[in-house]
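Note sheet for the following structure.
In what follows, every heavy atom counts, from backbone to side chain, and hydrogens, waters and symmetry copies are set aside.
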Amino acid sequence: MDNGFFKNIEKKTGVNMQDIFDLANSLQHANFQDEKTVRGVIRKVSQLANKPVSKDLEDQIVNTIIKDGKRLDFNTISNMMNKK
């Protein structure tokens, strides 16, 4: 893709695209049945997005992914965050 495209996204979101790529690469072989891994991902995404996640919401997301067996997708997380 065009480098200008990524620069526009960075400008609009305030999120460095290299950080997004690094996160995506780290998730490719991550074990999402491991609570520590899931919590780390939640915290990293929260940090990148500059959106704090409360302990209660973090616990809810972890439980949804690990205990309820749901897949980690942005719609699930977005819906959970919009409820708060």
Task: Option passing side-chain contact (heavy atoms from CB on, under 4.5 Å) with L23 (candidates L27, N25, D19) - done: L27
TODO: Mark yes or no for whether S46, through its side chain, and K51, through its backbone, hold a donor-acceptor pair below 3.5 Å.
DONE: yes
- [ ] State, yes or no, whether a side-chain contact exists between Q47 and R43 at a heavy-atom distance under 4.5 Å.
- [x] no
Open item on the list: If you count heavy atoms of other groups shown closer than 6.0 angstrom to NZ of K55, is the number above 12?
Closed with: yes
- [ ] Classify the side-chain pair Q60/D56 by whether it contains a donor and acceptor separated by less than 3.5 Å.
- [x] no
Open item on the list: Going by side-chain contact (heavy atoms from CB on, under 4.5 Å), Q18 matches just one of I20, N16, V15. Which one?
Closed with: N16
Open item on the list: Consider side-chain contact (heavy atoms from CB on, under 4.5 Å). Of D59, I66, I65, T64, which one does V62 pass it with?
Closed with: I66
Task: Gap between atom CG of N31 and atom NZ of K36 - 0.5 Å precision - done: 12.5 Å
Task: Under 3.5 Å donor-acceptor, E10 side chain and M17 backbone - done: yes
